[in-house]
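Scroll down for the structure; my scribbles are underneath it.
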Amino acid sequence: MSRFDDFASQELGATVLRVALGAVFLAHAGAKAFIFTFAGTEQFFEAHGFPGWTAWPVFLAELLGGLALVAGFRTRLVALGLVPVMLGALKPHLANGWMFTNAGGGWEYVAFLILALVTQALIGGGAYALGRSPAGVRPVRR
């Protein structure tokens, strides 16, 4: 495999995952603020056994975590930091079965996001992440 293939498959793949995860978390933060409203989000949390005030730290984690992932800032740490948020998100979905298309949403999507975050933490931020060299390239380890 040529050096370009190594770069494309490893670094750019990590970048695509990082930006996609960041976009998902930004969308969820935005939904809490603009669609469900904070009052509605607090009610949802309370209905599922969480204190209503925990909607705020979850919102901040999703907003700041999403921004950090898109930018590639401390990608491994941020990805791991979002795992507990997603573990909490499992609770409302566990009783609804596997498929997210089930009534109330199953837990497949939440489980996938957890595994994607763990994968991101393992592979790092990839190319074009903050703190990388201008070219976004690091030596490929064999």
Going hydrophobic residue to hydrophobic residue with side-chain gaps under 4.5 angstrom, can you get from [X] over to [Y]?
X	Y	answer
Tyr128	Leu67	no
Leu90	Leu117	yes
Trp56	Leu63	yes
Leu64	Leu77	no
Val16	Ile123	no

Tell me whether [X] contacts the main-chain N or O of [Y] through its side chain, where contact means a donor paired with an acceptor under 3.5 Å.
X	Y	value
Thr41	Phe36	no
His93	Gly105	yes
Asn96	Asn102	no
Arg18	Gly126	no
Lys32	Ala55	no
Glu108	Met99	no
Gln120	Gly124	yes
Thr54	Phe50	no

Task: Contacts of type ring-ring contact (aromatic ring centres under 6.0 Å, His included), residue Phe59, not counting sequence neighbours - done: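 So Phe59 forms a ring-ring contact (aromatic ring centres under 6.0 Å, His included) with Phe38.
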What's the shortest heavy-atom distance between [X] and [Y], and which atoms?
X	Y	result
Ala61	Leu82	O-CD2, 3.4 Å
Gly66	Phe25	CA-CB, 4.0 Å
Leu80	Pro84	O-CD, 3.2 Å

TODO: Count the heavy atoms of every other residue, nucleotide or ligand shown that sit under 6.0 Å from CZ of Phe73, and state whether that count exceeds 12.
DONE: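 No, CZ of Phe73 has 12 or fewer neighbouring heavy atoms, counting only those of other groups under 6.0 Å.
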TODO: May I have the step-by-step check of side-chain contact (heavy atoms from CB on, under 4.5 Å) for Val118 and Val83, ending in yes or no?
DONE: CA-CA 8 Å; Val118 169; Val83 168; 4.2 Å; yes
TODO: Kindly indicate whether the side chain of Phe45, heavy atoms from C-beta on, has any atom under 4.5 Å from the side chain of Pro92.
DONE: no
TODO: Assess whether side-chain contact (heavy atoms from CB on, under 4.5 Å) is satisfied between Tyr109 and Val24, documenting all intermediate values.
DONE: CA-CA 11 Å; Tyr109 183 61; Val24 165; 3.3 Å; yes
Open item on the list: If you apply the rule side-chain contact (heavy atoms from CB on, under 4.5 Å), what do you find for Leu87 with Val110, and how did you get there?
Closed with: CA-CA 8 Å; Leu87 289 172; Val110 178; over 6 Å; no
Task: Euclidean distance, Leu17 CG relative to Leu12 CG, rounded to 0.5 Å - done: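 One gets 12.5 Å once the value is rounded to the nearest 0.5 Å.
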Open item on the list: Once rounded to the nearest 0.5 Å, what's the spacing between atom CD1 of Ile114 and atom CE of Met86?
Closed with: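 With rounding to 0.5 Å, CD1 (Ile114) is 6.0 Å from CE (Met86).
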TODO: Please lay out, stage by stage, how Val70 and Leu26 fare under the test side-chain contact (heavy atoms from CB on, under 4.5 Å).
DONE: CA-CA 9 Å; Val70 168; Leu26 288 172; 4.1 Å; yes
Task: Residues in side-chain hydrogen bond (donor to acceptor under 3.5 Å, both in side chains) contact with Trp98, at least two apart in sequence or another chain - done: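 For Trp98 there are no side-chain hydrogen bond (donor to acceptor under 3.5 Å, both in side chains) partners, ignoring immediate neighbours.
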